[in-house]
Amino acid sequence: MVIIDGRAVAQKVRNEAKQAIQENGFWRSPRLVIFRVGDNSASATYVRNKTKASQEVGIEVEDAYLTTCTQESLESSIENMNYDETVDGILVQLPLPAYLDSNKVLNSIDPEKDVDGFTDINMGRLFAGKECTVACTPAGIMRLLDEYNIEIEGKKVVIVGRSNIVGKPMAALMLNRNATVTICHSKTKNLKEECLQADILIVAIGKPKFITADMIKEGAVVVDVGINRDENNKLCGDVDFENVAPRCSFITPVPGGVGPMTVAMLMKNTYEAMKKRYE
Ligand code: NDP
């Protein structure tokens, strides 16, 4: 059994972005604007991490923090950034306060600057198998599997969770790579039977240690996207790592698996957004 080292692969992706930025020959650094609204300590931490990682690779970050705003004022601020020639990437840190329509906010981002890949245009292009910006977490998972030379074509992939930011784009990426894909969710009957079919099992549900050893086919590859706290307030995934790992050929840990890849792919998406605009 191999424990996939997300930190090492993420570092490699960040080094690649740094090198590409240094060698790009453009007249300025890539610039990323991060919108954040309201008082959410987890969001503040995520934005801090993204800012630090961006600066390390040579991306300029503007933390557009708003204590409060209206739907119209937020969309209008995003619109201004859409037209700003010096802005390459725009990101809205989720979750937004409940009074805002997140879907509408996200879709006010110019798809060319949508470095999270959450606009309907980028999602639609992904499902159509066309060139697009891919959501950072699923893109990071593909890169992890590729780094470890894990075969995808013809494999049975089971994805547990159907959110727009993980499950659905993940399914599209796997289909585009010729896997046979099953998507499970809270209304799935016989989740255990579905999981037992998986050559590659990807779990993104947000429930600590929900996937247990009896749900894993011997030799499966298991990717754990979940970020939770266990009963001792210790960080853990959606998979019961300790008992599941011995049954796997490969498994991602939490922390140190998928998480670092999400930030690293943001660096890559931001650099590539700039490159596409200038080429
Ligand atoms: P959402 O809450 O948006 O979606 C959760 C999904 O899990 C839903 O589709 C839901 O089904 C499904 N689900 C919930 N309970 C069950 C169950 N008992 N059986 C089967 N399916 C179930 O979550 P996200 O996709 O945003 O995030 C999932 C997890 O991944 C969270 O822990 C989050 O923190 C983490 N995450 C980690 C990232 C990283 O970088 N590592 C990035 C993004 C998220 P239904 O649709 O029917 O409600």
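Atoms considered below: every heavy atom in the structure, side chains included; atoms not considered: hydrogens, waters and symmetry mates. Remember, it's 1-based here, ligands and their atoms both numbered in the order they're listed.
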Any salt bridge between [X] and [Y], counting N to O under 4.0 Å?
X: Asp5; Y: Lys12; result: no
X: Glu112; Y: Lys276; result: no
X: Glu56; Y: Lys18; result: no
X: Arg177; Y: Asp146; result: yes

TODO: Might you check, step by step, whether the distance between atom 2 (O) of ligand 1 and some protein heavy atom is under 4.0 Å?
DONE: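 Not a single protein heavy atom is under 4.0 Å away.
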Item to check | atom 41 (N) of ligand 1 touched by protein heavy atom at under 4.0 Å | outcome: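 Yes, because at least one protein heavy atom sits under 4.0 Å from atom 41 (N) of ligand 1.
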Test of understanding: given a 4.0 Å heavy-atom threshold, classify the contact between [X] and ligand 1 as side chain, backbone, both, or neither.
X: Thr137; result: side chain
X: Lys207; result: side chain
X: Thr188; result: neither
X: Thr262; result: side chain

Give me the nearest non-hydrogen protein atom to [atom] as residue plus atom name, then the distance to 0.1 Å.
atom: atom 24 (P) of ligand 1; answer: Ser163 OG, 3.7 Å
atom: atom 35 (C) of ligand 1; answer: Val225 O, 3.5 Å
atom: atom 12 (C) of ligand 1; answer: Ile205 CG2, 3.8 Å
atom: atom 17 (C) of ligand 1; answer: Phe210 CZ, 4.0 Å
atom: atom 33 (C) of ligand 1; answer: Ile227 N, 4.2 Å

Does Cys184 reach ligand 1, in the sense of a heavy atom lying below 4.0 Å from it?
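False for this residue.
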Query raised in the report: Looking at ligand 1, does Ala204 have a heavy atom less than 4.0 Å from it?
Result: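 Yes, that is the case, since the closest heavy atom of the residue is under 4.0 Å from the ligand.
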Quiz prompt | Given Ile202, Ile159, Val203, the one that forms side chain to side chain contact (heavy atoms under 4.5 Å, CB included) with Val225 | solution =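 Among Ile202, Ile159, Val203, the one meeting side chain to side chain contact (heavy atoms under 4.5 Å, CB included) with Val225 is Ile202.
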Would you mind reporting whether Met142 and Met170 have side-chain heavy atoms less than 4.5 Å apart?
->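 Side-chain contact under 4.5 Å: yes.
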Would you say CD of Glu62 has more than 12 non-hydrogen atoms from neighbouring residues, nucleotides or ligands within 6.0 angstrom?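 More than 12 within 6.0 Å, yes.
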Distance filter under 4.0 Å to [X] heavy atoms, resulting ligand 1 atoms:
X: Val166; answer: 25 (O), 43 (C)
X: Gly259; answer: 40 (O), 41 (N)
X: Ile165; answer: 26 (O)
X: Asn228; answer: 32 (O)
X: Gly206; answer: 28 (C), 29 (C), 31 (C), 32 (O)

Applying side-chain hydrogen bond (donor to acceptor under 3.5 Å, both in side chains) to Asn15 and Gln11, what does each step give before you reach the verdict? CA-CA 6 Å; Asn15 289 345; Gln11 189 59 55; 3.1 Å; yes
### Task
Tell me which one of Pro208, Gly226, Gly140, Ser186 gets a heavy atom nearest to atom 11 (O) of ligand 1.
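Among Pro208, Gly226, Gly140, Ser186, the closest heavy atom to atom 11 (O) of ligand 1 belongs to Ser186.
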Kindly identify the option in Arg162, Met265, Met170, His185 whose heavy atom sits closest to atom 46 (O) of ligand 1.
->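 Result: the heavy atom closest to atom 46 (O) of ligand 1 is in Arg162.
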Check whether Thr188 reaches the backbone of Leu191 with its side chain - one donor and one acceptor, N or O, closer than 3.5 Å.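 Flag not set: sc Thr188 to bb Leu191 has no pair under 3.5 Å.
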**Study point:** Minimum heavy-atom distance between Tyr148 and Val2, given as atom pair plus value
**Key:**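 In terms of heavy atoms, the two residues are closest at CE2-CG1, 3.9 Å.
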**Request:** Give the minimum heavy-atom separation between Pro111 and Asn122, together with the two atoms involved.
**Result:**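 Looking at all heavy atoms of both residues, the shortest contact is O-ND2, 3.1 Å.
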Candidate pair Thr68 and Tyr99, rule side-chain hydrogen bond (donor to acceptor under 3.5 Å, both in side chains), full reasoning
CA-CA 10 Å; Thr68 183; Tyr99 71 89; 3.2 Å; yes
